[in-house]
Every structure is written in C-alpha cells, then in structure tokens.
Peer 1: 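Mind having a look at this structure? Questions to follow.
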2 protein chains.
Amino acid sequence: MTSGENASRPGGRTARVRADVMAAVEAELAERGYDGLTIDGVAARSGVHRTTVYRRWRTVDGLLVDLLAMGADDNWTPAETGSLAGDLAELNREIRSALTVLPSVTVAVIAASFRTPDAAEALRRFWVDRYERSAVVVTRAVERGEIPAGTDAHRVLMLATAPLYHQLVLLRQPMSAKLATRYAHDAAEAAKVGILHG
Amino acid sequence: MTSGENASRPGGRTARVRADVMAAVEAELAERGYDGLTIDGVAARSGVHRTTVYRRWRTVDGLLVDLLAMGADDNWTPAETGSLAGDLAELNREIRSALTVLPSVTVAVIAASFRTPDAAEALRRFWVDRYERSAVVVTRAVERGEIPAGTDAHRVLMLATAPLYHQLVLLRQPMSAKLATRYAHDAAEAAKVGILHG
C-alpha cells in the first residue's frame with residue numbers, strides 16, 4: 001500500500017476496507033471452512049470494526065458473494081505462451097495449484113456453494129467470467145493457424161480443465177503436475193486434428 | 001420380492017431391512033438434502049423400527065456410507081454397444097441422467113461429501129469402483145482394433161465424463177443430451193487417432 005492510496009482519495013478508504021475484509025474472509029474460510037466463518041472472526045482478523053462489516057456485508061453469505069465478485073472484477077487474463085498446448089498447460093498449472101494448495105480457498109468456496117444458494121450463484125458467475133476470459137487462448141490459436149477455424153472454444157477448455165476439477169475435487173484423488181499438463185496437451189492435440197469443431 | 005425370500009432364509013430379513021432403509025435414505029436425501037436427513041425420518045419412511053435403524057447404522061453418516069457401499073456392491077457394468085463412441089455415449093447418458101433428474105440422489109450425496117469425511121471417503125471408493133468397472137469399454141475397443149494398444153483408459157474415461165460432472169455439478173450450467181454425447185465422441189475420436197496413449 002503506497003502513500004498515494006489514502007483516505008482522502010475518493011474510494012480509497014472504502015477500497016482498502018474491502019481488500020482487508022476480503023483477505024480475512026479468504027484466510028478464515030481456508031482455515032476454518034464455511035462452518036467456521038463468522039462476521040466477528042472476519043472483523044477481528046481484518047482489524048475492521050465489526051459494525052462496519054455487519055453494515056456493509058450483513059451476513060457470512062454476503063461476505064462470500066463479495067469475495068467471488070472481487071475475483072470476477074480483477075484483471076486476470078490467461079498466460080500467452082505462443083502455443084495452444086502451452087497456454088492450456090499454464091491454465092491447468094494455475095487450476096491445479098489453486099485446488100491443491102493447503103488450505104485451498106477455492107475448495108472451501110466450492111464446499112460453501114453446496115451450503116448456500118448465494119455462494120453457488122456467485123461461484124457460477126465467477127466461473128462463467130473465467131471461462132469467457134480463457135476463450136482467447138483458442139481464438140489466438142485459430143489466428144495463428146494452429147487449429148482449424150470453427151473450433152469450439154468451450155469444448156477445448158472443458159476437455160483441458162474439467163479432468164482437474166473432477167479428479168481433485170469430486171473424486172478426491174491426487175493428480176500429478178505431469179498429468180495436469182497432459183490433459184492440456186490432449187485437448188490441444190484434439191483441437192489440432194479437427195475433432196473439436198463447433 | 002418373491003416368497004422364496006423370507007425371514008427363514010439366512011440373511012433374507014436382514015437384506016430386506018437394509019434395502020428398505022436404503023430406499024428411504026435415498027428418498028429422504030433427495031427430498032430434504034443432508035441437513036434434513038435424520039434417523040427418525042428414515043425409520044418412519046422405511047417402516048423399520050427406529051431402534052433397529054439406530055442399532056445398525058448409528059448415525060446419519062453411517063446411513064450415507066452404507067448407501068454408497070450398496071451402490072458399489074451392485075452388479076452394474078457399462079453397456080456394450082459395439083463401439084467405443086457408443087459405449088462412452090451410453091455412459092454419459094447414464095451420468096447426465098443421474099445428475100439432472102430432480103431430485104438427484106447423486107448431487108445430494110456429492111453435497112453431503114463436503115459436509116462429512118465419512119461420506120467423502122465412501123463416495124471416493126464408490127467412484128474408484130465405477131471407473132475401474134468402466135475401463136472395460138477401452139479394453140474392448142483395443143481388442144476390436146478400434147483404438148491403439150496402450151491407450152490410457154483412465155484418460156479416455158476422464159475426458160469423456162469429467163466435462164459432465166464439472167459443468168452440471170460445479171459450474172451449475174445445463175448440458176444438452178447432444179453435448180453429453182459429443183464429449184463421449186470427442187474422447188473416442190482422440191483415442192482413435194492415438195492422442196491418448198499411456
């Protein structure tokens with residue numbers, strides 16, 4: 001935080017409070033899970049007064065929804081490596097890392113999504129946004145002439161990434177970094193040979 | 001239930017009680033979810049005395065674990081259609097149906113797996129068993145000469161089925177029967193062209 005970001009700048013204090021509270025939500029969620037998440041715990045960890053947290057976010061679900069909204073607001077874009085296989089492998093490296101880091105905020109949010117419809121809807125919107133942003137890796141591959149025009153970006157992304165979520169989150173089995181890369185390469189090769197047309 | 005299956009046959013009454021209780025667990029879980037599942041509710045619905053249910057299964061989690069164990073015990077095998085694409089499409093038809101029927105016992109069990117480690121472990125074992133049984137569709141395709149020897153059965157099955165679980169359960173977006181079949185065909189074609197070698 002630089003001295004340029006201060007309370008006298010419009011939105012400065014509000015943005016800082018939000019960032020502090022969201023960092024505390026992430027930490028509490030990862031450490032204690034949805035059942036252990038409380039407004040008081042988040043307030044104490046963030047150093048923001050509990051009445052401020054109650055006034056602005058109202059409920060634990062309100063905190064979770066805002067955490068995901070903040071993720072959707074950020075300026076994340078997929079890495080550009082020069083090849084479809086490389087771009088997808090980098091995407092899978094990020095996903096595998098988010099799902100296997102201990103404690104995992106992502107897995108905690110997924111668990112919470114089965115508890116409350118608000119978190120489920122916020123997570124759904126977050127992922128729609130991430131997959132939309134990721135589609136550019138397919139567009140770039142078409143532009144480079146690496147894969148046929150008319151390749152179905154959604155199927156490419158799903159074939160590359162779905163095995164990670166399924167195996168790590170639902171099947172609860174480990175997945176090596178090598179296998180995560182392999183699924184990325186499988187999807188890229190399938191696209192190259194023209195299997196994944198629209 | 002035929003007259004041959006009666007209490008005088010060893011295991012007959014016990015097996016019948018188990019079947020009645022498990023049917024009640026399925027119905028209660030699908031209707032009320034994990035939070036609404038109670039031993040008393042299951043006993044009332046099954047017509048089995050609550051002390052019997054308490055003595056044998058002890059807890060709600062004990063009921064869930066046995067429901068999944070019963071699924072793993074059954075004689076399910078993947079359909080044999082004559083082609084890898086057909087076999088995988090049939091597998092995906094079953095998975096899509098289980099995940100989209102309302103109410104879905106499968107989705108309720110997945111939700112429960114994020115609440116209790118016992119359910120998570122039972123679900124993990126259930127899926128390990130199902131994927132092991134499903135591997136025969138790849139073995140048969142190799143034997144028919146439809147796909148190269150050395151094709152990685154695990155990757156074929158994951159590429160075909162993971163997009164259904166990911167999109168329907170985690171991303172919470174609908175998936176047409178046509179798209180579910182398409183993922184089956186994508187995986188089969190990728191195997192045919194030799195992308196999915198071990």
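Per chain, numbering begins at 1; letters A, B, ... match sequence-line order. Please read these numbers as outputs of a predicted model, since none were measured by experiment.
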Peer 1: Check A:R45 with A:E31, please: is the shortest side-chain N to carboxylate O separation under 4.0 Å?
Peer 2: yes
Peer 1: Output the option from A:Q167, A:R182, A:R124 having the highest count of non-hydrogen pairs under 4.5 Å with chain B.
Peer 2: A:R182
Peer 1: Contact part of B:Y34 toward chain A, heavy-atom cut-off under 4.5 Å: side chain, backbone, both or neither?
Peer 2: neither
Peer 1: Using 4.0 Å as the upper bound for N to carboxylate O, is an ion pair formed by A:R93 and A:E90?
Peer 2: yes
Peer 1: Does a salt bridge link B:R115 with B:D61, judged by any charged N lying under 4.0 Å from a carboxylate O?
Peer 2: no
Peer 1: If you count heavy-atom pairs under 4.5 Å with chain B, which of A:D186, A:V193, A:L123 comes out on top?
Peer 2: A:D186
Peer 1: Where does A:A187 contact chain B at under 4.5 Å (heavy atoms): side chain, backbone, both or neither?
Peer 2: neither
Peer 1: Contact part of A:Q173 toward chain B, heavy-atom cut-off under 4.5 Å: side chain, backbone, both or neither?
Peer 2: side chain
Peer 1: Please flag which part of B:L164 lies under 4.5 Å from any non-hydrogen atom of chain A: side chain, backbone, both or neither.
Peer 2: neither
Peer 1: Below 4.5 Å, heavy-atom pairs only: which of A:G33, A:A120, A:A112 has the largest tally toward chain B?
Peer 2: A:A120
Peer 1: Both conditions, 6.0 Å and 45 degrees, for the charged tip of A:R172 above the ring of B:F114: are they met here?
Peer 2: yes
Peer 1: Within the side chain of B:E146, is there an N or O that forms a donor-acceptor pair under 3.5 Å with the backbone of B:L84?
Peer 2: yes
Peer 1: Which answer fits A:Y183, side chain, backbone, both or neither, if we ask what part of it has an atom under 4.5 Å from a heavy atom of chain B?
Peer 2: side chain
Peer 1: Heavy-atom pairs under 4.5 Å with chain B are the metric here; pick the option from A:R155, A:M158, A:H185, A:E189 that has the most.
Peer 2: A:R155
Peer 1: Is it true that B:D66 and B:R58 have a side-chain N and a carboxylate O under 4.0 angstrom from each other?
Peer 2: no
Peer 1: Between A:R133 and A:D129 (salt bridge meaning N to carboxylate O under 4.0 Å), is one present in this structure?
Peer 2: yes
Peer 1: Which bit of B:A160 comes within less than 4.5 Å of chain A, counting heavy atoms only: side chain, backbone, both or neither?
Peer 2: neither
